[in-house]
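What follows is one structure encoded as structure tokens, with my remarks underneath.
A, B, ... follow the sequence lines: proteins, then strands. Residue 1 opens every chain.
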Amino acid sequence: MTVRVLAFARVREVLGVSESVLNVPSGARLCDLWATLCEQNPELGPLTSSTRTARNGHLADSTEILEQDDEIALLPPVGGG
Amino acid sequence: MFAIVREPIDVSAVEDAARIPGAGASVTFVGIVRATGEDGRSVAGLSYESYDAMALAEFEAIAREARERHGGIGLAIVHRRGELKVGEIAVVVSASAPHRAAAFAACSYTIDELKSRAAIWKKELYVDGTPGRWCSNAGEART
């Protein structure tokens, strides 16, 4: 199944894209998706503790199980204003 | 009015949007791109990006909280995104109320919460051309 991944700020720069569609195994959790991204992009590792994740527009727990067409946003510490 | 825009912000339009019938006070915060970075370096500008859907939902949530705390107020929030130069306006928060105390308090509450919660990011771009740096508001003094 596939999910859409949105990345912002430093995380976007490390991934090299602001938006991508990724294949994930059925039953995968949010933290599994992050772990896969970290394997592919070692510079993400140090950002793990500071990056929050939103699922379909709402902050999500890392143990939530992904569903087809979920929109997952990777959110570094905010800096608006 | 809750918006994230690419174009320069018209401050008086935001104030007008925040104005409630019966207002006796209007308080507006205007956030401006500062020439000095967090570490003292000279800044050429700031690059803002946002997750608009979440940021706008947060603007509305913060406005609901401000109304619960301060009663019948009017509130408008407009933030810019993209690359801004020193001196340009990055954010405008305007609050109106029957009396000034509520307008001051609602405006202050709103900008503080926006800075700590809204899905908006900024990168300092330096005059000397060294790589830019993403700035977090975490732990920032509310001054």
Side-chain angles (χ1 to χ4, degrees), chain A residues 2-22 24 29-31 33-34 37-38 41-81, chain B residues 2 4 9 29-34 37-38 46-62 77-81 84 89-93 107-124 131-143:
Chain A
T2 57
V3 298
R4 179 182 303 277
V5 176
L6 308 180
F8 297 92
R10 178 74 188 130
V11 175
R12 172 182 57 75
E13 290 180 339
V14 171
L15 292 180
V17 290
S18 58
E19 187 172 337
S20 53
V21 175
L22 298 181
V24 294
R29 298 167 299 172
L30 267 175
C31 54
L33 172 66
W34 179 259
L37 291 170
C38 287
N41 306 274
E43 282 182 81
L44 275 190
L47 307 179
T48 300
S49 63
S50 65
T51 303
R52 294 182 304 165
T53 310
R55 181 168 170 237
N56 301 323
H58 299 281
L59 289 176
D61 191 273
S62 65
T63 58
E64 287 186 25
I65 294 172
L66 298 168
E67 291 179 23
Q68 173 69 32
D69 296 330
D70 271 353
E71 181 179 272
I72 305 302
L74 307 173
L75 313 170
V78 298
Chain B
F2 302 106
I4 294 171
I9 300 171
F29 170 81
V30 177
I32 299 164
V33 178
R34 191 169 34 234
E38 285 183 347
L46 296 175
S47 179
Y48 281 95
E49 65 183 65
S50 53
Y51 181 14
D52 288 4
M54 272 191 89
L56 291 169
E58 204 67 50
F59 288 2
E60 294 192 20
I62 293 166
I77 307 169
V78 180
H79 204 298
R80 253 186 105 181
R81 65 185 172 96
L84 278 66
I89 294 172
V91 60
V92 177
V93 172
C107 187
S108 176
Y109 176 81
T110 300
I111 185 61
D112 283 351
E113 293 300 314
L114 180 155
K115 287 177 78 88
S116 69
R117 291 160 52 180
I120 300 171
W121 298 268
K122 68 168 167 271
K123 187 178 195 176
E124 289 184 345
R133 183 171 153 278
W134 292 101
C135 298
S136 160
N137 292 336
E140 180 184 276
R142 295 194 163 188
T143 55

Could you work out all donor-acceptor pairs shorter than 3.5 Å where one atom is in chain A and the other in chain B?
unit_1: Ala9(A); atom_1: N; unit_2: Glu49(B); atom_2: OE2; d: 2.6
unit_1: Arg12(A); atom_1: NE; unit_2: Glu49(B); atom_2: OE1; d: 3.0
unit_1: Arg12(A); atom_1: NE; unit_2: Glu49(B); atom_2: OE2; d: 3.2
unit_1: Arg12(A); atom_1: NH2; unit_2: Glu49(B); atom_2: OE1; d: 2.6
unit_1: Glu13(A); atom_1: OE1; unit_2: Trp134(B); atom_2: NE1; d: 3.0
unit_1: Glu13(A); atom_1: OE2; unit_2: Lys123(B); atom_2: NZ; d: 2.4
unit_1: Glu13(A); atom_1: OE2; unit_2: Trp134(B); atom_2: NE1; d: 3.3
unit_1: Glu71(A); atom_1: OE2; unit_2: Tyr51(B); atom_2: OH; d: 2.5
unit_1: Pro76(A); atom_1: O; unit_2: Trp121(B); atom_2: NE1; d: 2.9
unit_1: Pro77(A); atom_1: O; unit_2: Trp121(B); atom_2: NE1; d: 3.4
unit_1: Val78(A); atom_1: O; unit_2: Asn137(B); atom_2: N; d: 2.9
unit_1: Gly79(A); atom_1: N; unit_2: Ile120(B); atom_2: O; d: 2.7
unit_1: Gly79(A); atom_1: O; unit_2: Lys122(B); atom_2: NZ; d: 2.8
unit_1: Gly80(A); atom_1: N; unit_2: Ile120(B); atom_2: O; d: 3.2
unit_1: Gly80(A); atom_1: O; unit_2: Asn137(B); atom_2: ND2; d: 2.8
unit_1: Gly81(A); atom_1: N; unit_2: His79(B); atom_2: NE2; d: 2.9
unit_1: Gly81(A); atom_1: O; unit_2: Tyr48(B); atom_2: OH; d: 2.7
unit_1: Gly81(A); atom_1: O; unit_2: Lys122(B); atom_2: NZ; d: 3.2

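Of residues 73-80 of chain A, those residues with a non-hydrogen atom less than 4.5 Å from any non-hydrogen atom of chain B are, in numerical order, Ala73(A), Leu75(A), Pro76(A), Pro77(A), Val78(A), Gly79(A), Gly80(A).
Within the 4.5 angstrom heavy-atom criterion, no atom of Ala57(B) approaches chain A.
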